[in-house]
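Working notes, structure below.
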Protein chains: 2
Amino acid sequence: MDKQKEILNAALKLFVEFGFHGTPTSKIAKEAGVANGTLFHYYPTKEALILALYKDIKLQLTEYMYSRVNAGDSLEQAFRSIFLNTLDWAQDHKEEYYFVQQFNMSPFLSLIPKEEITRQAKPHLDMIQAGIKNKILKPLPNEFIYSLISSHIYGLSQYLSASDLSPQKQKKLISDSYDMIWDMIT
Amino acid sequence: MDKQKEILNAALKLFVEFGFHGTPTSKIAKEAGVANGTLFHYYPTKEALILALYKDIKLQLTEYMYSRVNAGDSLEQAFRSIFLNTLDWAQDHKEEYYFVQQFNMSPFLSLIPKEEITRQAKPHLDMIQAGIKNKILKPLPNEFIYSLISSHIYGLSQYLSASDLSPQKQKKLISDSYDMIWDMIT
DNA sequence: ACCTTTGTGGAGTGATTAGTCAATCTTGTT
DNA sequence: AACAAGATTGACTAATCACTCCACAAAGGT
């Protein structure tokens, strides 16, 4: 087992449960089954560990998001795939999804350079812009549409986590939700 | 000036900037202009201070939410007023609004009894249920609609904070956003 | 076999922090 | 004025925490 990965796994689990400052590095090391010093061998500071975890998770999410989008897909198909992929991922990686939200609401967010954040959002904003140009989407500010979709996904995923629906009911609700937001922005 | 209030003000400002565990009680006391011991005279623990601040802000928000809702208002009018009030409040109390989100994403949320959370949401859920019964709203789960509206407000308010629109453009966007979510759920 | 590099361990440290406490000050009441 | 009750202070403490350091082990190249 890769100790570096074990440390990230342990950190994720504990951060989600106790918060960033609520979990001492010593407990992370213990949970990961490594010595205290080993943690600091891989991550020079606790802050570096938090940032590494965030970047790692963000990378996984981004990869999965686009995983079922094909080159020939229409804009509408691509939108739908990304929406559904994101929701699938959020449901299958609740801790990770929660961690990202938690991170975004923390002072650590300011440690991520602004350019990296815009770079992350760029593909989505470009798609939205293309949608507006093609008169598929309403002529609203890109960032506004992006913000609405993001929070729509967040709201839905929160509801899915809170309620306890059967898989097929979940699927139906996710599909309906997509139609709702799609109608909203087109 | 009321020292108790000064402590809450200082705590809010610092929590938003540095996070809960990132701000020592000593700094809160200093920022508030009171001695260390005074803080613990009013709040036995740091945790108690955080909870008191949350409850205080939540109370303000709830009051303002319903402030321009009149007894004779139709369901549609009431919905609209609450939506607009919430957004006004969020824009006029950005730190407070951010704090609430931050709190909701923190382990401290679990210290609020579940019954109090449901009690907070009850008036809204009741309104939604009435709307469904009257066939004004789509027949979807109450909590789902509630979740969608909440996150829609969150997304909009985040966009408004990030962008720098003129007051009248803001008003227009808020009004349009309301129409969008209203269309979505009716 | 020898050496270098990298990984691992865990006791130890200096700094920080939540919370205490006893003394002093303020305020209001009789 | 005398008293009581609460408010305020800030030095103090016990505990905790991020991080260091140095010894040792593995791995891998020559």
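Heavy atoms only: backbone and side chains are in, while hydrogens, waters and symmetry mates are out. Each chain gets a letter, A, B and so on, in the order its sequence line appears, and its residues count up from 1.
- Here the C1' atom of nucleotide D/dA18 and the NE2 atom of A/His21 are 12 Å apart, to the nearest Å.
- The aromatic rings of B/Phe99 and B/Phe15 sit parallel, their planes meeting at an angle under 30°, below the 60° perpendicular limit.
- In this structure, A/Lys46 places its NZ atom 11 Å from C1' of D/dT16, rounding to the nearest Å.
- When the P atom of C/dG10 is taken as reference, atom CZ of A/Phe40 falls 16 Å away, rounded to whole Å.
- Ring orientation note: the planes of B/Phe103 and B/Phe20 are nearly perpendicular, at an angle over 60° on the 30°/60° scale.
- The phosphate of C/dA18 has OP1 or OP2 within less than 4.0 Å of a side-chain N or O from B/Thr25.
- Outside the 6.0 Å centre-distance limit, the rings of A/His152 and A/Tyr178 are not counted as a close aromatic pair.
- Side-chain contact between A/Leu75 and A/Leu137 is absent, with no heavy atoms from C-beta onward closer than 4.5 Å.
- A straight line from OH of A/Tyr43 to C1' of D/dC17 spans 20 Å, rounded to a whole angstrom.
- If you take NZ of A/Lys30 and P of C/dG9, they are 15 Å apart, rounded to a whole angstrom.
- We find that CD of B/Glu47 is positioned 18 Å from P of C/dT17, with the value rounded to whole Å.
- Using a 4.0 Å cut-off between charged nitrogen and carboxylate oxygen, B/Asp176 and A/Lys138 do not count as a salt-bridge pair.
- In this structure, A/Phe18 atom CZ and D/dT16 atom P are separated by 15 Å, rounded to whole Å.
- Tracing side-chain contacts under 4.5 Å through hydrophobic residues (I, L, V, M, F, W, Y), one reaches B/Leu61 starting from B/Tyr66; they form part of the same cluster.
- Note: CG (B/Leu14) to P (C/dA18) measures 12 Å, nearest angstrom.
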Produce a footprint string for nucleotides 7-12 of chain D: one letter per nucleotide, 5' end first; B if the base is under 4.0 Å from any protein heavy atom, S if only the sugar-phosphate is, - if neither. SBBB--
